[in-house]
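Reviewing the structure listed below.
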Amino acid sequence: MKRRDFLKATGATLLGSASSVAQARPNLEPAPEAVGMLFDSTLCVGCKACVSKCKEVNGMPPVIEGDAVQYDSARDLSGDTLNVIKLYQNGQANQKDQEVDGFCFEKRSCMHCVDPGCVSVCPVTALRRHPKTGIISYHVDACIGCRNCTMGCPYNVPQFEYDNPFGQIRKCEMCNQAGVERIDQGQMTGCAEACPTGATLFGTRNELLIEAKRRLTLKPGDIYNYPCGDVNHPDSWHEQEVAAYQPHIWGEKEAGGTNVLHLSAVPFDKLGMPPLPERSYASISEGVQHTLYSYLALPAAALVGLSYVVHRNTRDSEGDSDE
Ligand code: SF4
Ligand code: SF4
Ligand code: SF4
């Protein structure tokens with residue numbers, strides 16, 4: 001066999017087996033009692049009560065940017081900020097929930113993916129999906145600080161504490177980490193509890209999905225009583241005119257879906273949401289990894305290749321080239 005033919009055959013075998021197994025692992029299904037949140041951008045007034053409450057619940061300091069400002073002015077997620085409200089604005093920015101000459105607010109925090117990339121790429125299971133609630137938790141005792149999770153997340157959520165010599169990964173754990181455990185104690189998340197308009201709503205993924213689908217059937221301009229707090233046991237209601245929603249529930253299907261769902265009147269790509277296929281990255285990458293390592297295809301191919309090179313060099317040195 002000529003070297004070119006050998007390389008072609010080896011490459012084709014590897015690619016063939018990798019792609020066939022990459023199809024083998026389907027997306028994970030939502031956890032049986034998955035809890036999450038519905039963020040409805042059309043209800044958000046940008047008050048940032050959810051940001052303050054998040055810091056209070058998680059014991060995090062304000063981020064002061066510049067000398068003139070003496071209040072929390074965090075603009076993005078960081079080791080000290082697990083939840084942030086961002087502003088979209090265009091042109092005159094005088095119309096709420098309009099793409100052109102409009103503005104709106106978008107919440108950024110962990111989406112609690114159904115088939116999470118961060119969990120998939122962590123080599124030591126420092127990130128885990130709860131089998132019942134689907135909450136993605138972080139376990140500092142297991143973490144080796146490799147920061148793979150920061151690259152495995154399509155939403156750029158996990159943040160490493162670079163300014164801390166004992167730095168760890170920080171991300172929203174749905175207010176249910178050790179010492180907080182709001183969900184285990186039957187409470188809702190801090191951000192949902194603090195939100196005055198119901199823009200951040202807590203509940204099970206199933207109930208939130210039903211509520212989100214109901215909103216997409218409403219007629220723009222009609223009045224709707226939006227529940228606040230917990231979708232199943234609202235602590236109050238917020239009456240508001242229905243906006244012209246984008247006909248899309250973000251997180252229903254993106255990359256296997258998320259337990260935190262978003263609704264908006266402004267297209268999601270304008271709000272910085274990444275374009276994602278329905279197939280989760282975890283299902284693809286784990287399929288390839290298992291092909292290459294679990295079935296020892298790569299080491300076997302490497303051994304065959306090395307044997308060939310040794311054999312060829314031996315023959316070359318005897319003056320019998322096969323090229
Ligand atoms: S949003 Fe990122 S950090 Fe959160 S569960 Fe998904 S992959 Fe993990
Ligand atoms: S669920 Fe808790 S940790 Fe997550 S964004 Fe809301 S308040 Fe912050
Ligand atoms: S508390 Fe509610 S309305 Fe205020 S910024 Fe947060 S999500 Fe928006």
Side-chain angles (χ1 to χ4, degrees), residues 28 31 34-60 72 74 77 80-87 96 104-122 126-130 133-138 147-160 169-177 179-183 187-203 226 228-229 238 240 250-251 254-260 262-264 273-274 276 280-282 285:
L28 296 182
V35 291
M37 290 182 281
L38 170 61
F39 173 74
D40 186 334
S41 171
T42 71
L43 300 176
C44 182
V45 293
C47 68
K48 299 188 182 178
C50 56
V51 178
S52 303
K53 184 71 180 182
C54 180
K55 296 220 166 191
E56 181 194 318
V57 169
N58 291 282
M60 291 187 160
D72 191 342
L77 300 179
D80 289 330
T81 304
L82 308 184
N83 173 42
V84 76
I85 296 293
K86 296 197 162 215
L87 169 68
K96 173 96 164 52
C104 73
F105 301 99
E106 175 70 348
K107 186 178 192 285
R108 279 283 182 280
S109 58
C110 177
M111 300 293 285
H112 292 273
C113 300
V114 171
D115 196 349
C118 61
V119 171
S120 176
V121 300
C122 179
L127 285 149
R128 296 169 201 163
R129 183 182 105 140
H130 193 280
T133 63
I135 293 174
I136 310 303
S137 57
Y138 171 68
R147 305 194 279 278
N148 274 2
C149 54
T150 63
M151 288 173 277
C153 172
Y155 299 99
N156 200 23
V157 165
Q159 300 289 315
F160 187 71
I169 292 291
R170 304 309 295 257
K171 74 167 212 61
C172 155
E173 298 178 70
M174 220 164 322
C175 293
N176 207 46
Q177 66 273 31
V180 177
E181 292 132 353
R182 288 178 67 99
I183 310 304
Q187 293 176 281
M188 68 183 94
T189 55
C191 51
E193 185 182 275
C195 181
T197 63
T200 298
L201 186 63
F202 176 75
Y226 290 91
C228 300
H238 174 73
Q240 183 174 306
W250 185 280
E254 277 78 12
T258 52
N259 292 334
V260 176
H262 283 218
L263 286 177
S264 171
M273 287 302 212
L276 294 173
S280 76
Y281 291 136
S285 65

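Just so you know, ligand 1 is whichever comes first in the structure, and atom 1 is the first atom listed for that ligand. As the structure is a prediction and not an experimental result, all values here were calculated from the model.
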Presence of N, O or S from C153 under 2.8 Å of atom 2 (Fe) of ligand 1:
yes

Closest to atom 5 (S) of ligand 2 among protein heavy atoms sits N83 CB, 3.4 Å

One finds that the ligand 3 atoms under 4.0 Å from a non-hydrogen atom of K48 are 4 (Fe), 5 (S)

Does ligand 2 have an atom under 4.0 Å from some heavy atom of M174?
-> yes

NE2 (H130) and CD1 (I183) are apart, to the nearest 0.5 Å, by 11.5 Å

A student checking ligand 3 against T200 at a 4.0 Å heavy-atom cut-off should list atoms 7 (S)

Ranking C110, S52, C54, C175 by closest non-hydrogen atom to atom 8 (Fe) of ligand 2, top hit is C54

inquiry  = I'd like to know if the side chain of K171 reaches the main chain of I136, judged simply by a donor and an acceptor atom lying under 3.5 Å from each other, with no hydrogens or angles considered.
reply    = yes

for atom 6 (Fe) of ligand 1, nearest protein heavy atom and its distance come out as C113 SG, 2.3 Å

Output for pair (M111 CE, L276 CG), nearest 0.5 Å, gives 9.0 Å

among protein heavy atoms, the one nearest atom 1 (S) of ligand 3 is C50 N, 3.3 Å

Short version for R182: what comes under 4.0 Å of ligand 2, heavy atoms counted, is neither

**OP:** For atom 6 (Fe) of ligand 3, decide whether C47 has an N, O or S atom at a distance under 2.8 Å.
**Re:** no

Per-atom filter on ligand 3: closer than 4.0 angstrom to a heavy atom of T197 are 3 (S)

At under 4.0 Å between heavy atoms, what of F39 touches ligand 3? The answer is side chain

Checklist entry - Can Q177 and N58 be counted as having a side-chain donor-acceptor contact under 3.5 angstrom? => result yes

Check: With distance as the sole test, does R129 use its side chain to make a donor-acceptor pair with the main-chain N or O of G134 at under 3.5 Å?
Finding: no

C44 heavy atoms within 4.0 Å reach ligand 3 at atoms 3 (S), 5 (S), 7 (S), 8 (Fe)

Nearest non-hydrogen protein atom to atom 3 (S) of ligand 2, with distance, is N58 ND2, 3.3 Å

Under 4.0 angstrom from ligand 3, any heavy atom of P196? yes

| task | Kindly indicate whether the side chain of Q240, heavy atoms from C-beta on, has any atom under 4.5 Å from the side chain of T197. | result | no

Taking V45's backbone N and O only, do any of them form a donor-acceptor pair with K96's side chain (distance below 3.5 Å, no angle check)? no

One finds that the ligand 3 atoms under 4.0 Å from a non-hydrogen atom of C195 are 1 (S), 2 (Fe), 3 (S), 7 (S)

Side-chain donor/acceptor of S41 to backbone N/O of F105, under 3.5 Å = yes

Exercise. Using the ring of each side chain (for Trp, its six-membered ring), is Y155 parallel, tilted or perpendicular to W250, with breaks at 30° and 60°?
Worked result: perpendicular

Rounding to 0.5 Å, atoms SG (C118) and CG (L127) come to a distance of 4.5 Å

| task | Please state whether the separation between atom 4 (Fe) of ligand 2 and some N/O/S atom of C172 is under 2.8 Å? | result | yes

